[in-house]
Amino acid sequence: MGQTRVATTPTAQSSEATLSPDTNGLQEEAPQLLGEDSWEEFSIDVPWGTVEGKWWGSKEQQPIIALHGWQDNCGSFDRLCPLLPADTSVLAIDLPGHGKSSHYPQGMQYFIFWDGICLIRRIVRKYNWKNVSLLGHSLGGALTFMYAASFPTEVDKLINIDIAGPTVRSTERMAQGTGKALDKFLDYESLPESKQPCYSYDEMIKLVLDAYDGSVDEPSVRVLMNRGMRHNPSKDGYLFARDLRLKVSLLGMFTAEQTLAYARQIRCRVLNIRGTPGMKFETPQVYADVIAALRENAGKVVYVEVPGTHHLHLVTPERVAPHINQFLKDA
């Protein structure tokens, strides 16, 4: 148990046929991939509205459930999914308050980790899926990690990108920040739409590009903002589609001890793709500690370091897809 392979990035798979000495020089067809147009909009009713998303591949088979990062949306996977095998099915959803999914009602807070685990469970139970496979980036990876730990006998494969487990905070920092977080939440809750910043399309793209501080390039921002912005009904411009209350993310954070305890619960096969340099963490050692804890009980652990930013699956998907494809083939 707990096998580990550390790899460098392979050359991106070519879409053209290649010559192989094993076939006496005959041409070997490149693997069939999903392609850019192999998706449909998805919607599921939930008690507070709907959860929206994109279903890639066949809807006749159980999909890999894919979850995006904090304040992103399911468009985060728009460049990765087309590079996955054609026989793969992926359900990429907009988390509550993100993208096209409904915001929570007034008065409700987002406890993003616990809410996300419950949402996965809600979807799995609705469709009666068994032995689920999960794919997550950043916050989405923390949620899939927590789900795999919470339902260890019901998850088959866990694929996480540039995250090992929930982002941890010291108990001191959580205690010191609680009051400010609560006031910030109430301020956002009471802010009328008429007072929210409104931007032109180009202004919005530049604002998001600057905010991500090098993690994404401009084409990637445009992909994300297909679902990340909406027309302002009262002015000539755009608002963010996401719920402003999502900015309050401190509440419900984890300590390192909690995260490691959950890591030891995981029994499925795991692929962890770490971007280099990727995201900078407050306590970087926890990443390695979580991988070590996973090795104790997980059926298989493949840890791969891939050159790229935190959003490497969106900016450089050709570096990420081969590792996922190989893992799906081997697992």
Side-chain angles (χ1 to χ4, degrees), residues 7-15 30-42 52-58 61 63-95 98-99 132-145 157-163 212 215-228 270-276 278-279 302-331:
T8 55
T9 306
T11 302
Q13 293 179 341
S14 171
S15 59
Q32 295 296 309
L33 304 177
L34 278 174
E36 295 182 357
D37 299 322
S38 60
W39 61 272
E40 296 179 10
E41 285 286 342
F42 167 84
E52 308 291 327
K54 300 174 77 168
W55 192 314
W56 294 82
S58 173
Q61 69 185 78
I64 298 169
I65 301 174
L67 302 181
H68 59 80
W70 179 51
Q71 300 195 83
D72 290 344
N73 55 68
C74 73
S76 175
F77 298 103
D78 277 6
R79 288 180 168 173
L80 175 63
C81 285
L83 303 181
L84 301 181
D87 60 356
T88 306
S89 180
V90 180
L91 173 57
I93 66 170
D94 291 331
L95 291 166
H98 295 77
V132 297
S133 295
L134 305 168
L135 165 64
H137 167 248
S138 196
L139 167 63
L143 301 181
T144 56
F145 167 95
K157 291 181 282 289
L158 174 64
I159 303 168
N160 281 345
I161 300 170
D162 210 40
I163 197 78
Y212 277 70
S215 186
V216 294
D217 55 13
E218 184 172 319
S220 299
V221 172
R222 294 182 185 275
V223 170
L224 282 176
M225 297 316 288
N226 284 334
R227 302 176 79 90
V270 178
L271 169 62
N272 189 279
I273 301 174
R274 174 69 163 123
T276 54
M279 183 164 69
V302 179
Y303 173 75
V304 184
E305 294 183 353
V306 176
T309 68
H310 181 51
H311 285 79
L312 69 164
H313 66 303
L314 176 61
V315 180
T316 52
E318 71 282 353
R319 300 177 187 174
V320 175
H323 294 294
I324 295 177
N325 295 349
Q326 188 64 48
F327 179 74
L328 292 175
K329 179 181 178 181
D330 294 344

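All heavy atoms count here, side chains included; hydrogens, waters and symmetry mates do not. If you read the sequence from its start, that first residue is 1, and numbering goes on from there.
- Listed for the Q61 side chain is a donor-acceptor partner under 3.5 Å among the backbone atoms of D87.
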| task | Decide side-chain contact (heavy atoms from CB on, under 4.5 Å) for L224 and S76; before the verdict, give the C-alpha distance in whole Å, the side-chain angles of both, and the deciding distance to 0.1 Å. | result | CA-CA 6 Å; L224 282 176; S76 175; 4.1 Å; yes
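- The shortest distance between side-chain heavy atoms of F42 and L91 falls below 4.5 Å.
- D162 places no side-chain N or O within 3.5 Å of a backbone atom of R274 that could act as its donor or acceptor partner.
- Here the closest heavy-atom approach between residue S138 and residue G69 is recorded as CB-CA, 4.0 Å.
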| query | Can you check side-chain contact (heavy atoms from CB on, under 4.5 Å) on V306 and L312, steps first, answer last? | reply | CA-CA 8 Å; V306 176; L312 69 164; 3.8 Å; yes
| request: With side-chain hydrogen bond (donor to acceptor under 3.5 Å, both in side chains) as the test, would you mind laying out the steps for T144 and N160 before giving the verdict? | output: CA-CA 8 Å; T144 56; N160 281 345; 2.8 Å; yes
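- Between H68 and H137, the ring center distance fails the sub-6.0 Å criterion.
- Counting all heavy atoms, side chain and backbone alike, R79 lies closest to P219 at NH2-CB, 3.1 Å.
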| message | Apply side-chain contact (heavy atoms from CB on, under 4.5 Å) to residues H98 and I93 and explain how you reach the verdict. | response | CA-CA 9 Å; H98 295 77; I93 66 170; over 6 Å; no
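- For the atom pair CD1 of I324 and CD1 of I273, the computed distance is 4.5 Å after rounding to the nearest 0.5 Å.
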| task | May I have the step-by-step check of side-chain contact (heavy atoms from CB on, under 4.5 Å) for I64 and T88, ending in yes or no? | result | CA-CA 8 Å; I64 298 169; T88 306; 3.8 Å; yes
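- Residues I159 and F327 are in side-chain contact: their nearest non-hydrogen atoms beyond the backbone lie under 4.5 Å apart.
- Using a distance-only test at 3.5 Å, with no hydrogens or angles considered, a donor-acceptor pair links the side chain of S38 to the main chain of L34.
- For the atom pair CH2 of W55 and SG of C74, the computed distance is 13.5 Å after rounding to the nearest 0.5 Å.
- Proximity of L314 to V223: side-chain heavy atoms (C-beta onward) are separated by under 4.5 Å at one or more points.
- Defined by atom type and a distance below 3.5 Å, a donor-acceptor pair is present between the side-chain atoms of D72 and H311.
- Residues I65 and L135 form no side-chain contact, since every pair of their non-hydrogen atoms from C-beta on lies 4.5 Å or further apart.
- Electrostatic pairing of D94 and K54 does not count as a salt bridge here, judged by no charged N lying under 4.0 Å from a carboxylate O.
- Within the model, atoms CE of M225 and OG of S220 stand 13.0 Å from one another, a figure rounded to the nearest 0.5 Å.
- When all heavy atoms are compared, the tightest approach of R319 to P307 is NH1-O, 2.8 Å.
- Side-chain contact between L84 and L33 is absent, with no heavy atoms from C-beta onward closer than 4.5 Å.
- Between F77 and H313 the shortest side-chain heavy-atom distance falls below 4.5 Å.
- S89 and W56 are not linked by any side-chain donor-acceptor pair at a separation below 3.5 angstrom, with hydrogens and angles left out of the test.
- Rounding to the nearest 0.5 Å gives a distance of 8.5 Å between CG of L271 and CG of L328.
- Not a single donor-acceptor pair under 3.5 Å links the side chain of N272 to the backbone N or O of I161.
- Under a 3.5 Å cut-off, the side chain of T309 and the backbone N or O of V216 do not form any donor-acceptor pair.
- There is no side-chain donor-acceptor pair under 3.5 Å between S215 and H310.
- If you take CG on L134 and CG on L67, they are separated by 7.5 Å, rounding to the nearest 0.5 Å.
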